[in-house]
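Written below as structure tokens is the structure these notes are about.
None of these values were measured; they are calculated from a predicted model. Lettering of chains follows the sequences in order, A, B, ..., and the numbering in each one begins at 1.
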Protein chains: 2
Amino acid sequence: MNVFNEPDPPTGRAAQKRATIAAVIAAAREEFEAVGYEAANIRAIARRAGVSAGTVIHYHADKRELLHAALFADLEATLAETLADLGRGRLATRLGRLTRGVFRYYEKRPKLSRTLLKESLFADEPWASRFAAQVARVHVEIARLASEAVSRGELRADCDGDGVATAYFAFFYFALIAWVQGGLPDPVALVDRMVQQHLAGLAPGTTTARQGKTTTHATRTEPGKRAESTKPSKRAQPTRRANTGKTGRRR
Amino acid sequence: MNVFNEPDPPTGRAAQKRATIAAVIAAAREEFEAVGYEAANIRAIARRAGVSAGTVIHYHADKRELLHAALFADLEATLAETLADLGRGRLATRLGRLTRGVFRYYEKRPKLSRTLLKESLFADEPWASRFAAQVARVHVEIARLASEAVSRGELRADCDGDGVATAYFAFFYFALIAWVQGGLPDPVALVDRMVQQHLAGLAPGTTTARQGKTTTHATRTEPGKRAESTKPSKRAQPTRRANTGKTGRRR
DNA sequence: CCGGTTCGTTGAACACGTTCATTGAACATA
DNA sequence: TATGTTCAATGAACGTGTTCAACGAACCGG
């Protein structure tokens with residue numbers, strides 16, 4: 001029983017293990033948020049958590065997994081919150097709210113947004129599946145919104161909610177990548193535009209039969225099937241920067 | 001003058017430098033293609049090139065830049081070739097050929113496709129700009145195809161070629177990411193579908209004014225402005241794999 | 001030709017992510 | 001209580017990307 005301000009360490013292996021894991025994850029989150037992913041190093045995180053570097057790596061396969069573990073819950077919370085706040089209105093309007101809500105997760109982390117996006121898109125297992133499941137949940141929600149839009153007469157009766165959701169994700173991630181690469185100041189506006197344009201093809205009064213060509217829609221974009229991304233562009237300026245070897249290097 | 005099968009090393013600093021750079025890039029490409037990015041290491045590449053590891057890094061800021069330098073020309077060649085072979089036909093058909101042609105670049109490199117995609121999408125300068133310029137060139141070409149489609153009456157007269165190109169890239173990269181993450185067996189088919197759906201909203205007989213809401217199109221998606229990507233999904237199966245700590249690790 | 005300068009190149013050293021043999025406290029059993 | 005087993009945790013060691021002081025040959029100017 002420690003009478004000082006320092007709480008007793010939990011006793012028992014299971015409890016100690018849980019406490020250690022929690023301390024490591026908290027320390028990692030703080031370190032990543034403070035200095036970014038590249039600058040954060042395992043030894044600093046270990047010190048912050050009061051354990052050894054070996055212990056940090058004991059509970060997470062590698063630095064990347066530690067990043068996922070440290071930030072995943074935040075993303076989950078953001079999604080839940082955003083989805084709960086989509087309100088009413090036209091499909092495009094609600095998707096716009098979704099875009100803004102989720103974008104905020106990245107926007108408020110200038111030091112981390114790029115790595116968070118990059119590493120989540122290309123995560124290894126088991127995190128690939130966790131992110132996939134996360135996206136699937138949003139996907140289902142978007143499909144639901146699309147169904148409501150059909151009911152309201154906003155979209156044609158034969159509209160495929162999955163197709164809408166898939167297109168939405170394509171636009172969203174495309175805009176996000178462009179933004180983290182510095183090539184797009186307002187990703188939200190771009191997503192809005194692309195969604196508008198896309199939904200235009202699904203509106204009542206339009207048909208799926210185009211210029212005599214049968215549109216062979218695949219029936220369902222499996223929720224587990226994601227992603228398309230565009231080259232993140234910076235500027236069209238190739239920034240020649242002649243390959244002067246290492247002349248300008250750290251010399 | 002060496003009479004054996006081994007050519008004389010070039011003399012003079014400039015010539016020597018050029019030869020060294022070329023040897024390093026060639027060795028890097030071979031090593032990356034042979035064992036993939038992660039398994040390839042600088043020391044092995046240096047040995048293959050007949051120089052020191054320090055020299056490899058002297059000419060390329062880091063391993064990632066070496067990857068870009070080693071493979072960029074291949075991508076350029078693939079794009080040029082593909083663009084030259086789009087043939088005639090409907091816009092969707094030609095875009096389909098573009099998709100297949102570029103997809104081949106990735107498909108024939110099972111060991112490298114994932115890293116190539118990941119690192120090109122999130123490249124640092126000066127490579128970010130180089131990739132951006134590359135995409136811009138394709139973007140302009142797609143916009144031109146869209147204009148032709150307008151002339152042929154395939155698309156409405158007020159269609160924005162840039163918008164078409166942007167959407168195309170969104171779909172393309174989305175599908176590619178899903179594919180490299182193992183969640184999408186046929187990315188080309190998905191791109192085709194999404195393009196079809198999107199172009200549906202641009203066809204003659206459809207209007208930009210939807211359900212009484214004015215569609216505020218941004219006029220031009222700057223070619224330097226790219227990218228949107230969707231979460232690459234694996235399967236919707238979260239692959240729980242309880243965080244059993246490092247039990248199953250290399251022990 | 002000679003001497004000073006430049007620069008391509010090297011390999012040892014360093015930093016960081018990661019591995020792994022070892023330790024000692026927690027735990028279980030007789 | 002004594003003893004054997006288990007496992008959370010450690011820190012030294014390792015592998016790899018990267019840095020950088022140093023070297024010697026190419027180069028330049030007098």
Side-chain angles (χ1 to χ4, degrees), chain A residues 8-25 27-28 31-32 35-70 115 119 124 243-251, chain B residues 8-25 27-28 31-32 35-70 115 119 124 243-251:
Chain A
D8 268 6
T11 52
R13 281 175 173 179
Q16 181 57 54
K17 178 176 173 175
R18 282 196 301 276
T20 300
I21 293 176
V24 167
I25 291 184
E31 198 67 25
F32 287 138
V35 303
Y37 181 75
E38 299 294 336
N41 73 64
I42 302 291
R43 289 169 170 88
I45 290 166
R47 274 195 304 275
R48 195 186 269 250
V51 300
S52 73
T55 297
V56 173
I57 291 290
H58 181 75
Y59 290 114
H60 301 92
D62 56 34
K63 192 178 174 184
R64 262 189 229 140
E65 294 219 5
L66 184 56
L67 178 68
H68 296 321
T115 302
E119 297 305 334
D124 290 317
N243 183 7
T244 52
K246 281 298 167 58
T247 348
R249 277 232 303 167
R250 293 121 191 167
R251 302 224 171 131
Chain B
D8 266 8
T11 54
R13 285 175 169 178
Q16 182 58 53
K17 179 176 171 175
R18 281 195 302 274
T20 300
I21 293 177
V24 167
I25 292 185
E31 199 66 24
F32 289 138
V35 303
Y37 181 76
E38 299 293 335
N41 72 66
I42 301 292
R43 290 170 171 89
I45 290 167
R47 270 194 306 272
R48 196 186 269 251
V51 300
S52 74
T55 297
V56 173
I57 291 291
H58 180 77
Y59 289 114
H60 301 94
D62 56 34
K63 192 179 175 184
R64 262 189 230 138
E65 294 220 4
L66 184 57
L67 178 69
H68 297 321
T115 302
E119 297 305 333
D124 290 316
N243 184 8
T244 53
K246 280 298 167 63
T247 350
R249 278 234 299 169
R250 297 137 191 150
R251 299 220 173 137

For residues [X] and [Y], report the shortest heavy-atom separation together with the two atoms involved.
{"X": "A/His68", "Y": "A/Glu119", "result": "CE1-O, 3.4 Å"}
{"X": "B/Arg48", "Y": "B/Ala27", "result": "CD-O, 3.5 Å"}
{"X": "A/Val35", "Y": "A/Ala40", "result": "CG2-N, 3.5 Å"}

Please report the distance, rounded to the nearest Å, between [atom1] in [X] and [atom2] in [N].
{"X": "A/Arg64", "N": "C/dT18", "atom1": "CZ", "atom2": "C1'", "value": "13 Å"}
{"X": "B/Glu38", "N": "D/dG15", "atom1": "CD", "atom2": "P", "value": "18 Å"}
{"X": "B/His60", "N": "D/dT16", "atom1": "NE2", "atom2": "P", "value": "21 Å"}
{"X": "A/Asn41", "N": "D/dT18", "atom1": "CG", "atom2": "P", "value": "16 Å"}
{"X": "B/Lys17", "N": "D/dC27", "atom1": "NZ", "atom2": "P", "value": "13 Å"}
{"X": "A/Ile57", "N": "D/dG15", "atom1": "CD1", "atom2": "P", "value": "17 Å"}
{"X": "A/Arg18", "N": "D/dC7", "atom1": "CZ", "atom2": "C1'", "value": "15 Å"}
{"X": "A/Phe32", "N": "C/dC16", "atom1": "CZ", "atom2": "P", "value": "14 Å"}

Would you mind telling me which residue lines up with the more 5' stretch of DNA chain C, A/Tyr37 or A/Thr55, judged by nearest nucleotide?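 Its nearest nucleotide lies further toward 5', so the answer is A/Tyr37.
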Looking at the side chain of [X], which of [options] is the nearest nucleotide?
{"X": "A/Arg13", "options": "C/dG11, D/dC7, D/dA9", "value": "D/dC7"}
{"X": "B/Lys63", "options": "C/dG17, C/dA25, D/dT18", "value": "D/dT18"}
{"X": "B/Gln16", "options": "C/dT9, D/dT10, D/dA8", "value": "C/dT9"}
{"X": "A/Arg43", "options": "D/dT16, D/dA9, C/dG17", "value": "C/dG17"}
{"X": "B/Thr20", "options": "D/dG17, C/dG8, D/dT18", "value": "C/dG8"}
{"X": "A/Tyr59", "options": "C/dG17, C/dT10, D/dA8", "value": "D/dA8"}

If you look at every strand shown and take non-hydrogen atoms under 4.0 Å, does B/Ala40 touch a base, only sugar-phosphate, or nothing?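 If one applies the 4.0 Å heavy-atom cut-off, B/Ala40 turns out to touch the sugar-phosphate alone, with no base involved.
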Can you find a heavy atom in the side chain of B/Leu66 that is under 4.5 Å from one in the side chain of B/Phe32?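 When only atoms from C-beta onward are counted, B/Phe32 and B/Leu66 do touch, with a gap below 4.5 Å.
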Going by side-chain contact (heavy atoms from CB on, under 4.5 Å), B/Val51 matches just one of B/Val24, B/Ile21, B/Ile45. Which one?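 Running side-chain contact (heavy atoms from CB on, under 4.5 Å) over B/Val24, B/Ile21, B/Ile45 with B/Val51 returns exactly one hit, B/Val24.
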